[in-house]
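Everything on this sheet refers to the single structure shown next.
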Amino acid sequence: MTDQSVASELELVGNPATVRIDSPITRVAKEFVEDRIAIAGLILIVAIAFVAIAAPWIAPQDPYDLAQLSILDGGLPPGAESMTGQTYWLGTDQQGRDMLSGIMYGLRISLLVAAVSLGLAITIGVVVGVAAAYFGGKLDSFIMRIVDLQLSFPAILIALILLALLGRGVDKVILALVIVQWAYYARTVRSSAIVERRKDYIDAARCLALSHRRIMFRHLLPNCVPPLIVVATVQIAQAIALEATLSFLGVGVPITEPSLGLLIANGYDYLLSGRYWVSLFPGIALVLTIVAINVVGDRLRDVLNPRLST
């Protein structure tokens with residue numbers, strides 16, 4: 001074997017100068033794209049988010065602008081035309097609102113409530129969970145008893161009680177969802193942080209006399225992010241479903257604000273009269289949104305923790 005062939009063989013086996021080590025983010029991205037169903041779910045989420053954000057510009061009408069509504073167009077079936085020649089591809093409700101426009105605007109409120117409540121709940125849960133795991137002792141016991149007490153009650157029951165006291169409104173629904181969800185993130189972060197707290201790099205940080213805040217949020221918290229991402233994808237889908245349930249029951253967003261749950265509730269009384277489309281199409285949009293988020297969350301769970309893969 002010549003020197004040139006030996007050199008080329010060594011380069012193929014793994015020359016240290018040419019070996020590349022993928023970052024964790026690159027590895028997760030490569031494994032994620034191997035699942036076509038997860039990719040389809042991600043594309044659907046992006047499309048839904050785009051429709052929700054661009055609704056004021058792409059929707060055929062503003063369904064909550066009274067000047068654009070006509071009672072004469074109320075209850076039109078899918079594909080029907082109005083007196084002015086406008087085609088309602090998904091039909092209209094009893095007030096003459098275009099259902100396609102209503103779904104676009106309804107997605108805005110549903111996603112807004114879920115995203116804002118998710119951010120606030122994660123912030124509170126992360127701070128509480130990391131502090132409980134890092135300091136331990138009586139603080140940990142006190143916080144975990146509160147978490148256990150809250151998680152022992154159904155989330156919908158707590159939200160109903162809170163909204164009965166606070167009243168209806170988008171801000172009230174967000175506050176209720178934050179109070180309902182922060183305990184999930186606190187328990188998740190605390191479980192991961194307890195394991196990380198016993199490792200050598202935390203002891204080394206303490207020996208360097210770093211502040212507690214820097215150790216908790218600069219060194220401890222980044223290693224607790226993977227399970228937090230998985231829980232967040234599950235909880236944001238639950239927040240969308242919970243907001244829709246509360247609005248359907250009449251204690252969520254007010255009737256002047258579009259919401260998928262409110263759209264479904266508006267058509268509930270007309271199902272027996274044959275106007276199925278008033279509730280059907282918002283229900284399909286709600287189901288597709290929740291399923292897409294859950295599919296992406298399941299794939300992230302398998303990628304971030306292969307031991308849980310089925």
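As the structure is a prediction and not an experimental result, all values here were calculated from the model.
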Next item on the list: Mind jotting down which residue pairs meet the salt bridge (charged side-chain N to carboxylate O under 4.0 Å, His left out) criterion with at least one end in residues 164-184? Sequence neighbours excluded, please.
Entry: none

Checklist line | Spatial distance of atom CD1 (Ile290) from atom CD1 (Ile236) [nearest 0.5 Å] | finding: 11.0 Å

Note to self: Working to the nearest 0.5 angstrom, can you tell me the gap between Ile284 CD1 and Thr289 OG1?
What the structure shows: 11.5 Å

Next item on the list: Using the side-chain contact (heavy atoms from CB on, under 4.5 Å) rule, pick out the option among Leu260, Ile103, Val291 that qualifies with Leu286.
Entry: Leu260

Notebook entry, point to check: Do Phe281 and Leu263 touch side chain to side chain, with heavy atoms closer than 4.5 Å?
Noted result: no

Checklist line | Atom of Leu44, atom of Ala292 and distance for their closest heavy-atom approach | finding: CD2-CB, 3.7 Å

Next item on the list: Taking the side chain as every heavy atom from C-beta outward, state whether Gln181 and Leu242 have any pair of such atoms under 4.5 Å apart.
Entry: no

Margin query: Before we go on, tell me: are the rings of His219 and Tyr201 under 6.0 Å apart, centre to centre?
Written below: no

Note to self: Distance check, rounded to the nearest 0.5 Å: Ile122 atom CD1 versus Thr188 atom OG1?
What the structure shows: 10.0 Å

Check: Side chains of Trp277 and Pro77: does their closest heavy-atom pair fall under 4.5 Å?
Finding: yes

Checklist line | Minimum heavy-atom distance between Leu221 and Val126, given as atom pair plus value | finding: CD1-CG1, 3.5 Å

Notebook entry, point to check: For the residue pair Arg108 and Ala55, what are the closest heavy atoms and their distance?
Noted result: CD-CB, 3.6 Å

Next item on the list: Verify the neighbour count for atom CZ of Arg213: are there more than 12 heavy atoms of other residues, nucleotides or ligands below 6.0 Å?
Entry: no

Next item on the list: May I have the step-by-step check of side chain to side chain contact (heavy atoms under 4.5 Å, CB included) for Thr233 and Asn294, ending in yes or no?
Entry: CA-CA 7 Å; Thr233 55; Asn294 284 331; over 6 Å; no

Next item on the list: Please name the pair of heavy atoms, one in Ser117 and one in Leu177, separated by the smallest distance, quoted to 0.1 Å.
Entry: CB-CB, 3.7 Å

Notebook entry, point to check: Considering only heavy atoms from C-beta outward, does the side chain of Leu210 approach that of Arg218 to under 4.5 Å?
Noted result: no

Check: For the residue pair Leu163 and Gly252, what are the closest heavy atoms and their distance?
Finding: CD1-CA, 4.5 Å

Check: Distance from Leu162 atom CG to Ile158 atom CD1, nearest 0.5 Å?
Finding: 7.5 Å

Next item on the list: On the 0 to 90° scale, with breaks at 30° and 60°, tag the Tyr268-Phe248 ring pair as parallel, tilted or perpendicular.
Entry: perpendicular

Margin query: Please determine whether the number of non-hydrogen atoms from other residues, nucleotides or ligands lying under 6.0 Å from atom CD1 of Ile156 exceeds 12.
Written below: yes

Next item on the list: Determine, step by step, whether Phe142 and Lys138 satisfy the side chain to side chain contact (heavy atoms under 4.5 Å, CB included) criterion, reporting the C-alpha distance in whole Å, the side-chain angles of both residues, the deciding distance to 0.1 Å, and the verdict.
Entry: CA-CA 6 Å; Phe142 176 73; Lys138 293 182 179 180; over 6 Å; no

Next item on the list: Any chance you could measure Asp98, atom CG, to Leu76, atom CG, to the nearest 0.5 Å?
Entry: 10.0 Å

Note to self: Taking the cut-offs as 6.0 angstrom to the six-membered ring centre and 45 degrees off its axis, would you call Arg97 and Tyr64 a cation-pi pair?
What the structure shows: yes

Next item on the list: May I have the step-by-step check of side-chain hydrogen bond (donor to acceptor under 3.5 Å, both in side chains) for Glu243 and Ser247, ending in yes or no?
Entry: CA-CA 6 Å; Glu243 181 277 325; Ser247 298; 2.8 Å; yes

Checklist line | Nearest non-hydrogen partners of Val180 and Gln150, listed with the distance | finding: O-NE2, 2.9 Å

Next item on the list: Take atom CZ of Phe135 as the centre, draw a 6.0 Å sphere, and report whether it contains more than 12 heavy atoms from other residues, nucleotides or ligands.
Entry: yes

Next item on the list: Drop me the distance from Asp203's CG to Cys207's SG, to the nearest 0.5 angstrom.
Entry: 6.5 Å

Margin query: Under 4.5 Å between side-chain heavy atoms, counting indirect links through other Ile/Leu/Val/Met/Phe/Trp/Tyr residues: same cluster for Leu262 and Val113 or not?
Written below: yes

Notebook entry, point to check: Salt-bridged, Arg190 to Asp140, with N to O below 4.0 Å?
Noted result: yes

Next item on the list: Write out all pairs satisfying salt bridge (charged side-chain N to carboxylate O under 4.0 Å, His left out) with one or both partners inside residues 57-70, taking only residues at least two apart or from two chains.
Entry: none

